[in-house]
Amino acid sequence: MRLDNMLLAEGVSGPEKGGASAAAAAVAAAAAGGSPNDGSIEHSDYRAKLTQIRGIYHSELEKYEQACSEFTNHVMNLLREQSRTRPISPKEIERMVGIIHRKFSSIQMQLKQSTCEAVMILRSRFLDARRKRRNFNKQATEVLNEYFYSHLSNPYPSEEAKEELAKKCAITVSQVSNWFGNKRIRYKKNIGKFQEEANLYAVKTAVDAASVSSQASQANSPATPNSGGYPAPCYTPDG
DNA sequence: GAGCATGATTACCG
DNA sequence: CGGTAATCATGCTC
């Protein structure tokens, strides 16, 4: 009866309302392991799908139950008719009913199993954040890149800085951390590839920060990596 | 559709 | 616990 427990836990079987919230709680618990996503939209989406599965499950279950009782009635009638010609013991009737119920419950088991599978697929699809990865918008990456390249000598934002960036970019702090982690490693791995970008943002922040007069005339010379921290492309802020 | 870009996850380290 | 490195899975471009 593992299937029953599983369906109950997922809120597919069991009471209407408590079930749904139980499922949501299960999802929340599973997602709490480190998923940085806010997830309210995903949850409502998940719930909708789960409700759909629930509906199918219950209507099918009802159908089976109805069919079972109909069939049982049918057999009982047959037995009743037969009882005119030969004696039929209550034991025999019981046995027949038992056989019918076993047959139908095995069909129900299949229904439960396929419902379980559907739920599992749904879960894996909705809980695996990688599946619904979205690129950050232009403005967000702009902000992040600006910070990264203006702190190229030490591109490790503090917790507060991360929060600030997260707020600016409308993403979570974990996403900021992920972004910087990825950025650092990828920048280090292939500095050449980021040269252009680095120069761009270096100039941008330079112009932005210090509104000094003309200084953008030297922004296209190739790389001169230094040995400390992270090699800067061609523009070194100071220090 | 192949191939690269990119965000997220995982294993491991200090 | 926060970092790196490798990897996964998807998005995007050609």
Side-chain angles (χ1 to χ4, degrees), chain A residues 9-10 23-50 52-53 116-205 219-220 222-223 225-237 239:
Chain A
E10 288 303 322
V27 174
S35 174
N37 287 336
D38 157 55
S40 54
I41 300 156
E42 287 78 5
H43 283 182
S44 70
D45 215 354
Y46 175 89
R47 282 241 290 278
K49 289 265 201 248
L50 198 65
Q52 203 179 330
I53 291 174
C116 264
E117 274 169 26
V119 171
M120 291 306 265
I121 290 166
L122 184 70
R123 277 189 72 135
S124 69
R125 181 155 300 180
F126 274 83
L127 289 178
D128 189 353
R130 284 192 287 212
R131 284 204 141 84
K132 49 183 162 53
R133 185 193 129 246
R134 295 278 177 276
N135 289 347
F136 299 154
N137 61 38
K138 203 93 176 169
Q139 187 252 344
T141 47
E142 196 117 322
V143 170
L144 293 167
N145 272 318
E146 239 167 69
Y147 188 98
F148 180 80
Y149 287 114
S150 63
H151 298 72
L152 203 55
S153 55
N154 186 35
Y156 298 86
S158 65
E159 202 56 35
E160 294 159 20
K162 282 182 192 171
E163 278 172 30
E164 183 82 20
L165 287 166
K167 193 175 260 182
K168 266 191 192 174
C169 301
I171 59 180
T172 66
V173 174
S174 327
Q175 284 178 303
V176 173
S177 298
N178 284 341
W179 190 92
F180 272 88
N182 283 323
K183 192 71 182 181
R184 281 190 298 263
I185 196 73
R186 282 162 186 165
Y187 179 82
K188 193 164 77 172
K189 243 180 177 171
N190 193 349
I191 297 164
K193 198 154 252 170
F194 292 91
Q195 210 72 74
E196 223 176 314
E197 191 177 70
N199 289 340
L200 188 91
Y201 281 101
V203 170
K204 186 179 279 190
T205 51
N220 55 2
N226 61 28
S227 49
Y230 279 82
C234 73
Y235 170 84
T236 48

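We name chains A, B, ... by the order of the sequence lines, and we start the count at 1 in each one. From a predicted model like this one, the values you see are computed outputs, not experimental measurements.
- Between A:Lys162 and the phosphate of C:dG2, there is no side-chain N or O to OP1/OP2 separation shorter than 4.0 Å.
- Remark on DNA chain C: of its neighbouring residues A:Lys189 and A:Ser177, the 5'-side contact belongs to A:Ser177, judged by nearest-heavy-atom nucleotide.
- In this structure, A:Asn182 reaches the bases: a heavy-atom distance under 4.0 Å links it to at least one base atom across the strands shown.
- For the pair A:Arg184 CZ and B:dA8 P, the interatomic distance rounds to 14 Å; values are reported in whole Å.
- Surrounding CD of A:Glu163 are more than 12 heavy atoms belonging to other residues, nucleotides or ligands, all under 6.0 Å away.
- One atom, CD1 of A:Ile185, and another, P of B:dA11, lie 18 Å apart when rounded to the nearest Å.
- Shown here are the salt bridge (Lys or Arg N to Asp or Glu O under 4.0 Å) partners of A:Lys183, two or more places apart in sequence or in another chain: A:Glu197.
- Taking only side-chain nitrogens and oxygens, A:Gln175 comes nearer than 4.0 Å to OP1 or OP2 of B:dA8.
- Checking each of A:Tyr201, A:Tyr156, A:Tyr187 against A:Phe148 for a ring-ring contact (aromatic ring centres under 6.0 Å, His included) leaves exactly one that passes, namely A:Tyr187.
- Qualifying salt bridge (Lys or Arg N to Asp or Glu O under 4.0 Å) partners for A:Glu142, counting only residues two or more places apart in sequence or in other chains: A:Lys204.
- Within 4.0 Å (heavy atoms only), A:Lys183 reaches no atom of the nucleic acid at all.
- To the nearest angstrom, P of B:dA8 lies 11 Å from CZ of A:Arg186.
- For A:Arg134 and C:dG11, the shortest distance from a side-chain N or O to OP1 or OP2 is below 4.0 Å.
- Within the 4.5 Å cutoff, the side chain of A:Tyr147 has heavy atoms near those of the A:Pro157 side chain.
- B:dG14 atom C1' lies 14 Å from atom OH of A:Tyr156, rounded to whole Å.
- Residue A:Lys188 contributes atom NZ, which lies 7 Å from atom P of C:dT4 at whole-angstrom precision.
- Closest to the side chain of A:Asn135, from the set B:dA8, C:dC12, C:dA6, is C:dC12.
- Residue A:Phe148 contributes atom CZ, which lies 14 Å from atom C1' of C:dG3 at whole-angstrom precision.
- Following rounding to the nearest Å, A:Asn178 (CG) and C:dG2 (C1') show an atom-to-atom distance of 12 Å.
- Rounded to an integer number of Å, the gap from A:Lys138 NZ to B:dG7 P is 12 Å.
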